[in-house]
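Counting from 1, the numbers follow the sequence of the chain as shown. Below, each value reflects all heavy atoms present in this structure, side chains not excepted, and no hydrogens, waters or symmetry copies.
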Amino acid sequence: MTKTLVVATGNPGKLREMQAYLADSGWELILKPADLDVDETGETFEANACLKAAEIAKATGKWAIADDSGLAVDALNGAPGVYSARYGNTDADRIGRLLRELGDTKNRQAQFICAVAVANPQGEIVLQSEGICKGEILYEIRGEGGFGYDPIFYVPEKQLTFAQMSPELKKSISHRGNALKNLVPQLVKFKI
């Protein structure tokens, strides 16, 4: 019997990415109803993930998983942080704003952070995890793949941006990957 987990996102790319991590978990992921939105009012990634998972679970009466992730840039005191998705209207706007704000700053250190939460159908948070991927921000975009800030997020150990990586490589080192890797063994144990 397949167990269904409602993903608190309207982003099909994020759904595919999460499904890849949970492929052998016995859980099937589905997108949340399009008309169901949760305001991200938390001040941390963890608070937003918990808020979204709990609200979607209660609204649908099903198990729900939510993540909140973003880019934290050292030279910008952690910005854009929880506002990463709202830093502009499009990926190009967000990247442009970030590069303008950084200017020619030498400190390009940054990290992608992802918090994941799972709620039962009553909206109680039953699992949480966090993952981090450290890197640096380039001066210009590189690569065609990925989404969001991927074309300017460079991982020195791999000498590639997220946008230049194969989906398999990105999955193996990304912030979301690290958070979900920690979560999957616990999720598999849940009996519903």
Side-chain angles (χ1 to χ4, degrees), residues 3-34 36-60 62-73 78-87 91 94 110-121 123-135 145-150 153 155 162-163 165 167-188 190:
K3 301 171 275 192
T4 303
L5 203 50
V6 179
V7 182
T9 186
N11 180 335
K14 190 181 282 190
L15 175 87
R16 280 192 300 276
E17 203 172 284
M18 287 180 116
Q19 186 67 67
Y21 293 104
L22 299 175
D24 301 320
S25 68
W27 291 85
E28 178 192 355
L29 273 54
I30 60 171
L31 284 174
K32 71 169 181 60
L36 191 56
D37 284 316
V38 179
D39 288 332
E40 296 180 17
T41 55
E43 293 185 13
T44 65
F45 296 117
E46 182 180 65
N48 281 331
C50 290
L51 182 69
K52 291 189 288 187
E55 292 300 315
I56 297 297
K58 285 189 277 192
T60 61
K62 297 182 181 345
W63 286 77
I65 186 169
D67 81 320
D68 193 38
S69 57
L71 182 63
V73 180
V82 294
Y83 303 104
S84 293
R86 300 182 290 273
Y87 224 50
D91 286 348
R94 290 183 276 277
Q111 57 187 356
F112 265 120
I113 302 167
C114 178
V116 180
V118 175
N120 66 20
E124 300 162 338
I125 301 300
V126 294
L127 290 175
Q128 291 183 67
S129 181
E130 184 179 81
I132 291 174
C133 182
K134 292 185 179 294
F147 58 91
Y149 298 96
D150 288 1
F153 186 76
V155 181
F162 269 4
M165 293 180 187
E168 295 74 26
L169 178 57
K170 181 182 172 188
K171 179 180 152 192
S172 73
I173 66 164
S174 79
H175 53 303
R176 188 169 293 113
N178 290 330
L180 288 167
K181 272 185 257 183
N182 298 335
L183 193 80
V184 169
Q186 301 167 64
L187 194 55
V188 169
F190 270 95

Grab the two heavy atoms, one from [X] and one from [Y], that are nearest each other, plus how far apart they are.
X    : Y    : value
Q19  : E28  : OE1-C, 3.9 Å
L29  : L15  : CB-CD1, 3.7 Å
S25  : K3   : O-NZ, 4.4 Å
I56  : A8   : CG1-CB, 3.5 Å
L183 : S129 : CD1-CB, 3.9 Å
N120 : A57  : O-CB, 3.1 Å

Give a yes/no verdict on a cation-pi contact between K170 and F153, requiring under 6.0 Å between NZ or CZ and the six-membered ring centre and an angle within 45° of the axis.
-> no

Checking K171 against Y21: charged group under 6.0 Å from the ring centre and within 45 degrees of the axis?
-> yes

Side chain [X], main chain [Y], donor-acceptor under 3.5 Å:
X    : Y    : value
S69  : C114 : no
D150 : F147 : yes
N48  : G42  : yes

Specify whether Y149 and F112 have parallel, tilted or perpendicular ring planes, treating 30° as the upper limit for parallel and 60° as the lower limit for perpendicular.
-> tilted

